[in-house]
Amino acid sequence: MLHLFVSGICPQPSMLDTIDPILGTLDPAMSCNNDGGPVGEGGTQLSANIKAGTNITAVYGLWLHPYGPATVYMARCPGSCTDSNSRELKWFKIDHVGLIRGTIVYAASTWFRFILDQPLSACRDGDWGSGVVSKTGVYTVTIPAALADGEYLIRHELIAIHAYWAGPQFYIECAQLKVVGGRGKLPSDEYLVSFPGAYKASDPGLNVDLYSPEAPTITTYELPGPAVWTGED
């Protein structure tokens, strides 16, 4: 479960159908980990007001795998988000963190340490976006200051890539926001994607082998999805 905090207000997160990960890039639950509709009593979702340019913090209680990227998207609702379906909206990325430092190797792997006969000095995990969440339990991002006022969904996502033989695991939650005090800008089409559809199973960032003999020498990671929209272009 994930909760979002904006100046002490906690908007209701989308209701989970399961705590199991989403395993396919075309899974219909890829937008908000549900059927795409609003939740809450009578289908009414709580929203939080937030000023553009301020921070919002996601607090995690589950899904704390340390290997993989963390991303945050937003989608503008054409009217009220309680009347919108997240599968039909266009999403833009406002933040992502992949491999921060180090190499991609899964150093905890006994296969890597003993089968490949690697020394302990080579057995050091890199730091990942999901690893920051794993250590702290929180992930704070800034709503773009230039963003136009209106109702939005915000989508927090952790992508676990430690089990490459089974494919990536997507952990997703959404909440509703009412943005105020922005500068009236919206992202252009090049930043907009749909869920499902934003990722392909063949994307390099979703096909990473942390256990390979080359892993201790790989210091780069290609994040899936579009570029981050900062509101400056």
Side-chain angles (χ1 to χ4, degrees), residues 1-6 9-50 56-65 68-96 129-130 133-134 137-141 143 150-161 163 166-179 191-201 203 206 224-226:
M1 179 63 71
L2 170 149
H3 293 281
L4 298 173
F5 288 89
V6 185
I9 300 173
C10 178
Q12 179 182 338
S14 59
M15 190 172 294
L16 298 175
D17 292 332
T18 175
I19 63 170
D20 294 331
I22 295 170
L23 298 177
T25 58
L26 297 180
D27 191 296
M30 273 293 286
S31 57
C32 285
N33 198 16
N34 65 359
D35 64 2
V39 298
E41 185 178 353
T44 302
Q45 177 89 11
L46 299 179
S47 298
N49 291 329
I50 184 168
I56 183 167
T57 298
V59 180
Y60 286 83
L62 296 173
W63 306 333
L64 301 182
H65 295 293
T71 71
V72 184
Y73 290 80
M74 293 181 71
R76 182 177 174 86
C77 298
S80 170
C81 284
T82 57
D83 298 324
S84 299
N85 188 297
S86 60
R87 298 176 187 172
E88 300 171 356
L89 302 178
K90 292 296 184 180
W91 297 86
F92 55 97
K93 188 187 287 183
I94 64 168
D95 192 80
H96 63 193
S130 287
V133 178
S134 178
V138 299
Y139 187 20
T140 298
V141 298
I143 304 299
E151 294 201 22
Y152 293 83
L153 293 181
I154 187 167
R155 176 185 182 273
H156 279 255
E157 174 185 60
L158 302 179
I159 306 176
I161 58 173
Q169 301 175 6
F170 301 93
Y171 298 93
I172 299 157
E173 266 281 29
C174 298
Q176 287 183 193
L177 301 176
K178 294 182 179 179
V179 175
Y191 292 98
L192 300 178
V193 296
S194 299
F195 284 106
Y199 304 149
K200 301 189 297 293
D203 287 346
L206 304 180

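In this structure, Leu177 and Asn49 have side chains that are not in contact, with every pair of non-hydrogen atoms separated by 4.5 Å or more. Put simply, the side chain of Ser80 reaches to within 4.5 Å of the side chain of Glu151, judged on heavy atoms. Two residues are said to be in side-chain contact when any heavy atoms from C-beta on lie closer than 4.5 Å; Thr25 and Pro196 fail this criterion. Between Pro224 and Ile159, the closest side-chain pair of non-hydrogen atoms falls below 4.5 Å. Looking at Pro168 and Leu23, their side chains never come closer than 4.5 Å, going by heavy atoms from C-beta outward. Residues Leu158 and Tyr60 are in side-chain contact: their nearest non-hydrogen atoms beyond the backbone lie under 4.5 Å apart. Inter-residue side-chain proximity for Leu206 and Tyr199 is flagged as met; some heavy-atom pair is nearer than 4.5 Å. Residues Thr82 and Gln176 meet the side-chain proximity criterion, which asks for heavy atoms closer than 4.5 Å.
The CZ atom of Arg155 sits 6.5 Å away from atom SG of Cys174, with the distance rounded to the nearest 0.5 Å. To the nearest 0.5 Å, atom OH of residue Tyr73 and atom CD1 of residue Ile172 are 9.5 Å apart. For the atom pair NZ (Lys178) and CD1 (Ile50), the distance works out to 14.0 Å, reported to the nearest 0.5 Å. With rounding to the nearest 0.5 Å, the separation of OH in Tyr152 from CD1 in Ile143 is 9.5 Å. Taking OG of Ser31 as the reference point, atom CG of Asn85 lies at 6.5 Å (rounded to 0.5 Å). Annotation: the span from Ser86 atom OG to Leu153 atom CG amounts to 6.5 Å, rounded to 0.5 Å.
For Thr71 and Lys93, the side-chain atoms include no donor-acceptor pair closer than 3.5 Å. For the 3.5 Å distance criterion, the side chains of Tyr171 and His156 fail to qualify, holding no donor opposite an acceptor.
For the pair Thr140 (side chain) and Thr57 (backbone), a donor-acceptor distance under 3.5 Å is absent. Without hydrogens or angle criteria, Asp27 side chain to Gly24 main chain gives no donor-acceptor distance under 3.5 Å.
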Decide side-chain contact (heavy atoms from CB on, under 4.5 Å) for Met30 and Glu157; before the verdict, give the C-alpha distance in whole Å, the side-chain angles of both, and the deciding distance to 0.1 Å.
CA-CA 10 Å; Met30 273 293 286; Glu157 174 185 60; 4.2 Å; yes
Between His65 and Ser134, does a side-chain contact (heavy atoms from CB on, under 4.5 Å) hold up when you go through it step by step?
CA-CA 6 Å; His65 295 293; Ser134 178; over 6 Å; no
side-chain contact (heavy atoms from CB on, under 4.5 Å) between Ile56 and Ile154: does it pass, once the steps are laid out?
CA-CA 10 Å; Ile56 183 167; Ile154 187 167; 3.9 Å; yes
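When all heavy atoms are compared, the tightest approach of Ser84 to Cys77 is OG-CB, 3.6 Å.
Cation-pi contact between Arg87 and Phe195: absent, since separation from the ring centre below 6.0 Å together with deviation from the ring axis within 45° is not met.
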